[in-house]
Amino acid sequence: MGIVKIDDKLHEEARRASAVMCRSINAQAEFWMKIGMLAEANPTMAFNDIVKAQLVEANVRLAEIAAA
């Protein structure tokens with residue numbers, strides 16, 4: 001664990017986004033960093049494809065729940 005200094009405006013956007021997504025500010029920033037890292041590593045993948053791949057990797061079965 002470490003401390004990351006970010007711009008005040010970016011911190012405010014993370015705070016707002018975290019409220020919408022029901023995450024802590026730190027969890028929101030971590031999510032953005034992880035998605036950004038994955039996007040850089042997979043430049044041809046869209047955001048939704050990255051999230052879907054992460055859900056599959058975590059063995060989350062949303063399709064089965066939606067079909068029920």
Side-chain angles (χ1 to χ4, degrees):
M1 183 167 129
I3 296 174
V4 177
K5 178 158 175 33
I6 62 170
D7 179 76
D8 288 341
K9 290 179 184 177
L10 182 57
H11 185 272
E12 180 61 19
E13 292 303 312
R15 185 190 67 75
R16 290 179 186 174
S18 71
V20 172
M21 301 305 292
C22 299
R23 298 179 178 125
S24 69
I25 296 172
N26 286 347
Q28 183 64 42
E30 184 177 351
F31 175 76
W32 281 348
M33 285 188 274
K34 180 178 181 177
I35 294 298
M37 181 183 68
L38 291 168
E40 283 187 345
N42 301 282
T44 61
M45 290 181 73
F47 170 78
N48 288 341
D49 295 330
I50 291 171
V51 172
K52 183 177 179 182
Q54 291 297 293
L55 291 170
V56 168
E57 188 174 310
N59 205 24
V60 175
R61 301 179 197 276
L62 293 177
E64 291 176 14
I65 294 169

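Remember, predicted model here, so these are calculated numbers, not experimental data.
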Query raised in the report: Which atom names give the shortest non-hydrogen contact between Ser24 and Ser18, and what distance separates them?
Result: O-CB, 3.5 Å
**Report entry** Partner of Gln28 under side-chain contact (heavy atoms from CB on, under 4.5 Å), chosen from Arg15, Arg16, Arg23
**Finding:** Arg23
Contacts table for residues 32-46: side-chain donor-acceptor under 3.5 angstrom, sequence neighbours left out:
{"from": "Lys34", "atom 1": "NZ", "to": "Gln54", "atom 2": "OE1", "distance (Å)": "3.1"}
{"from": "Asn42", "atom 1": "ND2", "to": "Leu38", "atom 2": "O", "distance (Å)": "2.9"}

Query raised in the report: Does Ile25 share a hydrophobic cluster with Val20, counting links as ILVMFWY side-chain heavy atoms below 4.5 Å and allowing steps through other members?
Result: no
Query raised in the report: For the hydrophobic clusters of this structure (ILVMFWY residues joined by side-chain heavy atoms under 4.5 Å, transitively), does one cluster hold both Val51 and Val60?
Result: yes
Report task. List for me each residue that meets salt bridge (Lys or Arg N to Asp or Glu O under 4.0 Å) alongside Glu30, sequence neighbours excluded, and say none if there are none. Result -> none
Requested in this report: Answer whether the closest heavy-atom distance between the side chains of Arg61 and Asn59 falls below 4.5 Å.
Outcome: yes
Requested in this report: First locate atom CD of Glu12, then atom CG of Asp7, and finally report the distance between them rounded to the nearest 0.5 Å.
Outcome: 11.0 Å
